[in-house]
Amino acid sequence: GLEACLMDTRLFNWKSQCLAPLPPLPEKGGEVRYGLIPEEFFQFLYPKTGVTGPYMLGTGLLLYLLSKEIYVVNHETVAAVCILSVIIYGVKKYGPAVAAFADKLNEEKVATALAVKNEAIKSLETAIEEEKKEQWRVEGCSYLFDAKRNNVAMSLETNYRERLLTVYNEVKKRLDYQVAMQNLKRQKEQDHMIQWVEKSVVQSITPQQQKESIAKCILDLKALSKSVQAAV
Amino acid sequence: MLLDVKLGQLPTWLAMRDFTPGGVVGALRRGYDRYFNKYINVKKGGLGGISMLLASYVVVSYIWSYSHLKHDRHRKYH
């Protein structure tokens, strides 16, 4: 966290606008000779004193410190010498191995970050594809709605016609009923009238008339039989 | 910038410096940032980055304890 903001301040110090993807870290740090003195010091003295200048300076400085006993040689010096020798031996022997291990750790970190980035890019690309497909589907929607509209109109028409048929049947039934009623009434009137006429006729035939009519019928029959006998 | 100052102009350069607490803190921060970004915040940082810090710590602690070490000198007059 802290180192991240320091990394940002590196840019803020130099350039006024900040770049959206951060530039990659430099590959190697500043050169350091013998692990203690930066290379710039040697370069600084090279024009005036050549290659051996800094070493002569170092030797002179060391002798001055020792002779004036600004650096005092006591038990701590022995301890320092032992510790330094052990450290230098350790660094020379295991330095490359540790460096390789650290590099591997870094590689893994970078690889996971890159994998996440690629995953994100891929998922976004598939999302774009899906979106395009949805847009294509929306275009086809108009056809779908036309078909549905046709279906609905068809069913409305069918329903309307069914109801029309029902209405027609109902009206016909009522009219048939009226017609049947009228027919029945007329029939009944006719029957009643016939019966009444028969009854009155039968009543009006008095016994006297009955005798006279029977005698007349016998005379007619005789006449007929005579005409038939004559014809044969 | 300090390296660009000529030796004769050093007092004037020192007078120009900002010695308020904020200025001092800013100078320390800038120095820290420069050192950090040059030697430590790199892909393949070497031993020099921390060893220089440890060596400077050793030197500074020696200087602070010199008044005690003076008594261990082998000769009185040099």
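We use all heavy atoms of the structure for the numbers below, so side chains are in, but hydrogens, waters and symmetry mates are not. Below, read A as the first sequence line, B as the second, and so on, with proteins coming before strands; counting in each chain starts at 1.
- Looking at A:Y34, there are no atoms closer than 4.5 Å to chain B (heavy atoms on both sides), in backbone or side chain.
- Heavy atoms of B:Y62 lying under 4.5 Å from chain A belong exclusively to its side chain.
- The structure places NZ of B:K76 at 13.5 Å from CD of A:E69, a figure rounded to the nearest 0.5 Å.
- In terms of heavy atoms, B:A55 sits closest to A:L36 at CB-CD2, 3.3 Å.
- Annotation for A:E107: atom CD does not count as buried by contact number, only 12 or fewer foreign heavy atoms lying within 6.0 Å.
- When each of A:N106, A:V72, A:V73, A:D103 is checked for heavy-atom pairs under 4.5 Å with chain B, A:V72 comes out on top.
- Heavy-atom contacts from other residues, nucleotides or ligands closer than 6.0 Å to OH of A:Y94 number 12 or fewer.
- The backbone N or O of A:I70 lies less than 3.5 Å from no partner atom in the side chain of B:H78, so there is not a single donor-acceptor pair.
- Rounding to the nearest 0.5 angstrom, the gap separating the CG atom in A:N74 from the CZ atom in B:R73 is 12.5 Å.
- Note that the CD atom of A:E31 and the NZ atom of B:K38 stand 9.5 Å from one another [nearest 0.5 Å].
- Contacts of A:E40 with chain B are made by side-chain atoms alone, with heavy-atom separations under 4.5 Å and no backbone atom involved.
- By the 6.0 Å contact criterion, OH on A:Y46 is open, its count of non-hydrogen atoms from other residues, nucleotides or ligands being 12 or less.
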